[in-house]
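Here the structure comes first, spelled out in structure tokens, and everything after it is commentary.
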There are 2 protein chains.
Amino acid sequence: MDNVRNLFQLLSRNFGLLNEQCCENCCGQEVSNVQSHILYEINRQHHPSMQEVAGALGMDITTFSRQVKTLVDKGFVKKTPHPSDNRMNILSLTSEGLSIENNINLTVNAQLQHVLSTMSEFERDTVIRSIKLFNDAMQKSVSCCTPPQ
Amino acid sequence: MDNVRNLFQLLSRNFGLLNEQCCENCCGQEVSNVQSHILYEINRQHHPSMQEVAGALGMDITTFSRQVKTLVDKGFVKKTPHPSDNRMNILSLTSEGLSIENNINLTVNAQLQHVLSTMSEFERDTVIRSIKLFNDAMQKSVSCCTPPQ
DNA sequence: TATATTATTTGCAAAATGCAAGTATTACTT
DNA sequence: AAGTAATACTTGCATTTTGCAAATAATATA
């Protein structure tokens with residue numbers, strides 16, 4: 001009976017640090033950590049609304065609204081009114097936003113591959129498969145991991 | 001050639017949300033997310049100084065200093081001058097701080113076990129072993145994962 | 001003894017946060 | 001169809017968090 005929290009706490013801390021440093025390295029302070037999460041999620045979803053992205057990130061919608069505004073001002077994100085419901089805004093990355101997101105992606109991936117390269121191919125595959133497995137399990141688990149409301 | 005970042009990004013986000021919610025649940029807003037990380041790390045290390053904890057968490061020392069002050073005021077953390085070097089403060093949890101840390105630990109672990117319970121025992125073991133493996137690899141990798149300076 | 005180095009704290013100004021209340025638009029209700 | 005409710009988002013405001021620069025205090029070095 002391990003203390004599983006320890007493992008995840010360390011993992012998420014280390015990944016957080018790596019992510020943050022990569023952000024700074026490849027786009028020189030242009031985006032904060034939360035902002036990089038927002039870019040990531042906008043890119044991942046299919047024509048998401050504000051609420052969908054904020055919900056996925058577990059962010060307060062008012063904080064999110066302001067962060068998006070900042071990203072729009074910086075020219076990284078575009079807000080398009082929903083065609084059939086003008087209350088909603090569809091979020092998308094501008095080409096510049098996409099390029100930054102790709103940059104972060106490349107940098108973080110390179111670092112992770114570097115970490116993984118110290119393992120055998122078998123271990124590497126196992127690790128990757130395990131994390132997929134756990135992510136899926138977490139997604140299915142309704143009792144947690146769902147942003148409040 | 002997977003996009004490994006995706007996996008880790010999702011994992012760390014989900015764990016972050018879980019952690020945050022557990023904090024609120026079991027100690028009713030008494031500690032913020034960063035503060036729970038601080039409690040965690042003080043508990044984990046052996047008579048750590050301010051810099052040791054701040055360093056491990058990759059936090060700016062001035063921000064850290066103020067957060068610790070808050071935790072001291074709340075009665076969760078104790079600062080003891082280092083016996084042979086009065087510049088340093090040794091950090092420790094008070095009994096109340098420890099009890100809160102244990103509470104968070106129990107709650108988060110229960111949630112994680114719940115997620116893991118959807119898997120077969122083999123999968124569960126593999127996942128846990130994989131994360132250990134990755135954590136170790138990350139710790140060894142000097143090119144990243146080390147807080148600035 | 002004077003100077004440098006280390007550990008931590010404060011000043012300050014900027015950024016981030018979240019509740020309450022606002023606006024605008026669409027959905028119901030009778 | 002008019003009025004009410006609900007939804008999606010924004011803004012006001014007060015608090016908290018953040019990090020650089022500079023200050024303080026204690027130890028190490030020259």
Side-chain angles (χ1 to χ4, degrees), chain A residues 16-17 19-21 23-24 28-39 41-42 45 47-74 76-92 147-149, chain B residues 16-17 19-21 23-24 28-39 41-42 45 47-74 76-92 147-149:
Chain A
L17 288 175
N19 210 20
E20 217 159 328
Q21 274 185 279
C23 273
E24 287 179 12
Q29 305 275 23
E30 284 182 291
V31 294
S32 73
N33 203 35
V34 272
Q35 285 166 3
S36 98
H37 274 269
I38 295 175
L39 295 182
E41 189 61 22
I42 291 176
Q45 288 195 29
H47 299 325
S49 69
M50 304 265 297
Q51 288 208 324
E52 281 169 321
V53 178
L57 296 173
M59 280 183 73
D60 179 273
I61 188 71
T62 71
T63 304
F64 182 77
S65 170
R66 274 182 267 248
Q67 287 286 8
V68 167
K69 193 179 182 181
T70 309
L71 288 168
V72 169
D73 290 346
K74 285 185 177 179
F76 301 157
V77 167
K78 205 176 114 192
K79 267 158 77 174
T80 318
H82 189 284
S84 69
D85 187 341
N86 270 306
R87 289 173 299 184
M88 284 194 258
N89 286 116
I90 300 304
L91 298 176
S92 58
Q149 307 285 2
Chain B
L17 288 174
N19 211 19
E20 218 159 329
Q21 274 186 278
C23 273
E24 287 178 11
Q29 306 274 23
E30 285 183 288
V31 292
S32 74
N33 203 36
V34 272
Q35 284 166 5
S36 98
H37 275 269
I38 294 175
L39 295 183
E41 190 61 23
I42 292 177
Q45 288 196 28
H47 299 326
S49 70
M50 304 267 295
Q51 287 208 325
E52 281 170 321
V53 178
L57 296 172
M59 280 183 73
D60 180 271
I61 188 70
T62 71
T63 304
F64 182 78
S65 169
R66 275 183 267 248
Q67 287 286 7
V68 167
K69 193 179 180 181
T70 309
L71 288 169
V72 170
D73 290 347
K74 285 183 177 181
F76 301 156
V77 168
K78 205 176 115 192
K79 267 159 76 174
T80 318
H82 189 284
S84 70
D85 187 342
N86 269 306
R87 288 172 299 183
M88 284 194 258
N89 286 117
I90 300 303
L91 297 176
S92 57
Q149 309 282 3

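Values in this document were obtained by computation on a predicted structure and should not be read as measured data. All chains are named by letter (A, B, ...) in the order of the sequence lines, taking the proteins before the strands, and each is independently numbered beginning at 1. Atoms considered below: every heavy atom in the structure, side chains included; atoms not considered: hydrogens, waters and symmetry mates.
- Taking atom CG of residue A:D60 and atom C1' of nucleotide D:dC9, one finds them 12 Å apart after rounding to whole Å.
- In this structure, B:T80 and B:H47 have side chains that are not in contact, with every pair of non-hydrogen atoms separated by 4.5 Å or more.
- Atoms CD1 (B:I61) and C1' (D:dA23) sit 16 Å apart, rounded to a whole Å.
- Remark: B:S65 is in phosphate contact with C:dT9, judged by side-chain N or O atoms under 4.0 Å from OP1 or OP2.
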Indicate every side-chain donor-acceptor pair of residues 62-71 of chain B with a distance under 3.5 Å to a residue at least two apart or in another chain.
residue, atom, partner, partner atom, Å
B:T62, OG1, B:D60, OD1, 2.5
B:Q67, OE1, B:Q35, NE2, 2.9
B:T70, OG1, B:R66, O, 3.0

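- Distance CE (A:M59) to C1' (C:dT17): 9 Å, rounded to an integer number of Å.
- With rounding to whole Å, A:Q67 atom CD is found 15 Å from D:dT10 atom C1'.
- Going from atom CD of A:E20 over to atom CG of A:N33 covers 4.5 Å, rounded to the nearest 0.5 Å.
- The side-chain heavy atoms of A:S49 and A:N89, taken from C-beta on, include no pair separated by under 4.5 Å.
- Distances shorter than 4.0 Å separate none of the side-chain N or O atoms of A:K69 from OP1 or OP2 on D:dC9.
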side-chain contact (heavy atoms from CB on, under 4.5 Å) between B:H37 and B:N19, worked out: CA-CA 10 Å; B:H37 275 269; B:N19 211 19; 4.0 Å; yes

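- Annotation: the span from A:L91 atom CG to A:E52 atom CD amounts to 9.0 Å, rounded to 0.5 Å.
- Here the side chains of B:V72 and B:K78 are not in contact, with every heavy-atom distance at 4.5 Å or above.
- Both A:S84 and B:E52 sit near DNA chain C, but only B:E52 has its closest nucleotide nearer the 5' end.
- From B:K79, atom NZ reaches atom CE of B:M88 across 14.0 Å, with rounding to the nearest 0.5 Å.
- Distance CZ (A:F64) to C1' (D:dT10): 13 Å, rounded to an integer number of Å.
- Between the P atom of C:dA16 and the NE2 atom of A:H37 lies a distance of 14 Å, rounded to the nearest Å.
- As a whole-Å value, the separation of B:N33 CG from C:dG18 C1' is 16 Å.
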Polar atoms only, N or O, under 3.5 Å: list the protein pairs with nucleotides 11-13 of chain C and their distances.
residue, atom, partner, partner atom, Å
C:dG11, O6, B:R66, NH2, 2.9
C:dC12, N4, B:R66, NH1, 3.4

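- When the P atom of C:dA16 is taken as reference, atom CG of A:L57 falls 15 Å away, rounded to whole Å.
- Side chain of A:K74 to backbone of A:E30: a donor-acceptor contact under 3.5 angstrom is found.
- For C:dT26, the OP1/OP2 oxygens have a side-chain nitrogen or oxygen of A:N86 closer than 4.0 Å.
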Could you pull out the protein-nucleic contacts involving nucleotides 2-7 of chain C (nitrogen or oxygen on both sides, under 3.5 Å)?
residue, atom, partner, partner atom, Å
C:dT6, O4', B:R87, NH1, 3.4
C:dT6, O2, B:R87, NH1, 3.0
C:dA7, OP2, B:Q51, OE1, 2.9

